[in-house]
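Residue numbers start at 1 and run along the sequence shown. What you are looking at is a predicted structure, and each value in this text was computed from that prediction instead of being measured.
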Amino acid sequence: MSPTTAYILVIIFVATLVRSTFGFGEALVAVPLLALYVPIQVAAPLAVLLSITIAALVVAQDWRHIHLRSAAWLLGPTLFGIPLGLWLLTAAHPHLVKGMLGAILILFSGYFLIGRTMPHLARDSKPAMLGFGFLAGILGGAYGMNGPPLVTYGAMRRWSPQHFRATLQGYFLPASMIAMAGYWVSGLWTPAVTHDYFLSLPAAVPAIFLGRSINRRLHGETFLKYVHAGLVLIGLALTVQALR
């Protein structure tokens, strides 16, 4: 095994473990680190292929915990955001969206972590789902990173760790399949992406089951703190990428 292959497998294992535990975050771990060794045009579709695999296994395991109505309302506007994201992927200056999102995440979740009361949605809000879903589509098409807007909405809804994880996967499965279709039409689903995907499976599959076990041990406010800490780290990573 070459050092590059070993590096890719370690990154995939860690990223998949994060996604399976919390329901989000693997692309924000995998894409920037993989991009150090493979082109971003390979790293982003690879992250989406892995997202399909993770979501399919989680849905098969925990479909009873999915809030189907929420997942459907978030998915609808995503379909309109994905084409814009694909355009950003090929645009000359795609970093503005990353920088803006990073700043919003840092302010929003940092506000919660310092002890302030964050917005609480007692029930689903259609305008909020439309807005968060559309932004998720843009980020998913551009970078394979649908997660941050969806995680923000789920945190506002105060979903339990199990419902949080399962509902996001109920969204990610069809959304990621649509995104991969977009990559294929755009010519970005190349043999290199497929090769790296099959290479990654031995690292990804065990991490999915390990993450499920960890998720079942998380509860209430502790889970929310982990989620918001993760969002702050994501925001910092996006801001650094945008500045570069």
For residues [X] and [Y]: do they belong to one hydrophobic cluster (side chain heavy atoms under 4.5 Å, members Ile, Leu, Val, Met, Phe, Trp, Tyr)?
X	Y	answer
V59	L57	no
F209	V18	no
V193	M177	yes

Measuring only between side-chain heavy atoms, which start at C-beta, is [X] closer than 4.5 Å to [Y]?
X	Y	result
D62	Q162	no
L168	V58	no
F164	V151	yes

For this session: Go through the structure and list residues passing ring-ring contact (aromatic ring centres under 6.0 Å, His included) with H67, not counting sequence neighbours.
Result: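 Counting only residues at least two positions away or on another chain, H67 forms a ring-ring contact (aromatic ring centres under 6.0 Å, His included) with W159, H163.
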For this session: Tell me, please, which residues at least two apart from F80 pass ring-ring contact (aromatic ring centres under 6.0 Å, His included).
Result: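 Once residues adjacent in sequence are excluded, F80 has no partner under the ring-ring contact (aromatic ring centres under 6.0 Å, His included) criterion.
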Exercise. Taking it one step at a time, do M129 and R69 satisfy side chain to side chain contact (heavy atoms under 4.5 Å, CB included)?
Worked result: CA-CA 10 Å; M129 287 188 288; R69 183 175 180 275; 4.3 Å; yes
As an exercise, state the distance from [atom1] of [X] to [atom2] of [Y], rounded to the nearest 0.5 Å.
X	Y	atom1	atom2	answer
R123	H120	CZ	NE2	10.0 Å
F134	L130	CZ	CG	11.0 Å
T239	I106	OG1	CD1	4.0 Å

Name all residues meeting the side chain to side chain donor-acceptor pair (under 3.5 Å) criterion together with [X]; count only those two or more places apart in sequence or in a different chain, and write none if there are none.
X	result
S20	R165
T194	W189
N215	none
R217	S213

Anything under 3.5 Å between a donor and an acceptor, one on a side chain of residues 42-55, the other on a protein residue two or more places apart or in another chain? List them.
| residue | atom | partner | partner atom | Å |
| --- | --- | --- | --- | --- |
| S51 | OG | R19 | NH1 | 3.2 |
| S51 | OG | R19 | NH2 | 3.2 |
| S51 | OG | S176 | OG | 2.8 |
| T53 | OG1 | L49 | O | 3.2 |
| T53 | OG1 | Y197 | OH | 2.6 |

Under the rule for side-chain contact (heavy atoms from CB on, under 4.5 Å), what residues qualify as partners of [X], not counting sequence neighbours?
X	answer
V232	S109, L113, L236
I178	L79, I82
L121	S125, A128, Y153, M156, R157

For this session: Sorted by first residue and then second, give each side-chain hydrogen bond (donor to acceptor under 3.5 Å, both in side chains) pair with at least one member in residues 73-86; sequence neighbours left out.
Result: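 Qualifying pairs, neighbours excluded: T78-Y171.
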Give the table of side-chain donor-acceptor pairs shorter than 3.5 Å for residues 200-208, with sequence neighbours excluded, one pair per line with atom names and distance.
| residue | atom | partner | partner atom | Å |
| --- | --- | --- | --- | --- |
| S200 | OG | D196 | O | 2.7 |

Exercise. Which pair of non-hydrogen atoms, one from L17 and one from G211, has the smallest distance, and what is that distance?
Worked result: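 Minimum heavy-atom separation between L17 and G211: CD1-N, 3.6 Å.
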Problem set entry | Heavy-atom closest contact (S70 atom, D124 atom, distance) |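 Smallest heavy-atom distance, with atoms named: OG-OD2, 2.6 Å.
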